[in-house]
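Note on naming: letters A, B, ... go to the chains in the order of the sequence lines (proteins, then strands), and numbering restarts at 1 for each one.
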2 protein chains.
Amino acid sequence: MKLSTKGRYAVTAMLDLALHSGEGPITLAEVSGRQHISLSYLEQLFARLRKANLVDSIRGPGGGYELKRPATQISVAEVVLAVNEPITATRCNGKADCQGGDICLSHQLWTELSDQIYQFLSGITLHQVIQRDFVQQVAERQNTRFQEEDLIAFR
Amino acid sequence: MKLSTKGRYAVTAMLDLALHSGEGPITLAEVSGRQHISLSYLEQLFARLRKANLVDSIRGPGGGYELKRPATQISVAEVVLAVNEPITATRCNGKADCQGGDICLSHQLWTELSDQIYQFLSGITLHQVIQRDFVQQVAERQNTRFQEEDLIAFR
DNA sequence: CTCATACCCGAGTATTTTAGTCAACTTTAC
DNA sequence: GTAAAGTTGACTAAAATACTCGGGTATGAG
């Protein structure tokens, strides 16, 4: 379990999809506008999310992305795992072959911690996150702000 | 709470000190030999551990480092925090000022996760780790191996 | 039909972090 | 005095991160 801003971006983007589900396909341009993540970077992330079967893509005009499963059935852990490399070749990972055959003293500890993090993030669905008051409020602000920016752009 | 190999190295080194406490000051050269961490890198790490009041240094011949407090009173979390930058200026950290004033959707989630990780690592002392059979065995192997290498080096 | 819209993909790049190295210096035991 | 240790700061190579850029390709609206 690796934790980086990459995973955060992916989760944020997925939450955006979840918040606007039922409105038809969401374009990455919209997500980019609302969440302030660059379009090209989003494309990279969504390529992975698609391969992980977390989103469906609809091409052509009027196209975009939508969640493949309902938000109640997608855990945060899945999203994070989808965008991070499966098993990084950092020393002391999985195969326990750090220190040339021997195992480093803290090895077991990190394995436990990884499990702990995974457990935590698996227990939380996208739906649960967007139900929170806090998220609802931020989302509300983002919507109005985005509409304003939209108007300005069209002038 | 940041998780990197740097923190792992620090914990491994501290466990080494804990395992050899009561034998007087331990030189970084010994730790380097047993844990296969480069001496210069250890110097960097121990500079921070010293500033964090986790180890005492004894200069001059026969000197080295020892734990400032007994291993039962040092948590893994303290060690990790000591070597990682206090609060990295990565977007979405502490001040919640990502997205230019607004807060990103997943912000709250990561705060919770950080707390979770911190709780887990705070609950574990260096002493608890070295009590484990697994660690004892690895340590035993390391001792014999180090002594062999030592002999070879002196030939 | 066609053309703008949107996803798709691979390569390239700037920045940051990691994981060190190197050199010079200080303290202190013998 | 001298050698063993810690102390400090600057420097660097490699990797990961966080992007950008330039082209594709599918497709639906007009």
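Put simply, the residue from L126(A), L17(A), V79(A), L67(A) that forms a side-chain contact (heavy atoms from CB on, under 4.5 Å) with L54(A) is V79(A).
Distance F46(A) CZ to dG10(C) P: 19 Å, rounded to the nearest Å. Counting to the nearest Å, the P atom of dC7(C) and the CD atom of E66(A) are 11 Å from each other. One can place CG of L39(B) at 14 Å from P of dA4(D), the figure rounded to the nearest angstrom. Atoms OH (Y41(A)) and P (dA14(C)) sit 17 Å apart, rounded to a whole Å. In this structure, CG of L42(B) is placed 16 Å from P of dT18(C), rounded to the nearest angstrom. The CZ atom of R48(B) sits 18 Å away from the C1' atom of dG6(D) (whole-angstrom rounding). Computed from coordinates, the L28(B) CG to dT7(D) P distance equals 8 Å when rounded to whole Å. In this structure, E30(B) places its CD atom 9 Å from P of dG6(D), rounding to the nearest Å.
Contact annotation: Y9(B) side-chain N/O to dG20(C) OP1/OP2 distance is under 4.0 Å. At dA19(C), none of the side-chain N or O atoms of S38(B) fall inside 4.0 Å of OP1 or OP2 (strictly under the cut-off). Side-chain N/O atoms of S57(B) include one lying less than 4.0 angstrom from OP1 or OP2 on dT7(D).
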- Query: Reading nucleotides 21-30 of chain D from the 5' end, what letters show protein touch, with B for base, S for backbone sugar-phosphate only, - for no heavy atom under 4.0 Å?
  - Reply: B--BBBBB--
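Residue contacts for L45(A): at a heavy-atom cut-off of 4.0 Å it reaches no nucleic acid atom on any strand shown. Among the atoms of the strands shown, only primed sugar atoms or phosphate atoms (P, OP1, OP2) are found under 4.0 Å from some heavy atom of Y65(A).
I58(B) and M14(B) fall into different hydrophobic clusters, where Ile, Leu, Val, Met, Phe, Trp and Tyr residues are linked whenever their side-chain heavy atoms come under 4.5 Å apart, directly or through other members.
E43(B) and R50(B) are not joined by a salt bridge, as no carboxylate oxygen comes within less than 4.0 angstrom of a charged side-chain nitrogen.
Both T27(B) and K51(B) sit near DNA chain D, but only T27(B) has its closest nucleotide nearer the 5' end.
Applying the salt bridge (charged side-chain N to carboxylate O under 4.0 Å, His left out) test to pairs two or more places apart or on separate chains, none has a residue in residues 119-130 of chain A.
With dC19(D), dC9(C), dT21(C) as the candidates, the nucleotide lying closest to the side chain of R50(A) is dC9(C).
Between F46(A) and Y65(A), the angle of the ring planes lies from 30° to 60°, which puts this pair in the tilted group.
Residues passing the side chain to side chain contact (heavy atoms under 4.5 Å, CB included) test with Q128(A), sequence neighbours excluded: I124(A), T125(A).
A side-chain donor-acceptor contact under 3.5 Å links E78(B) to the backbone of S75(B).
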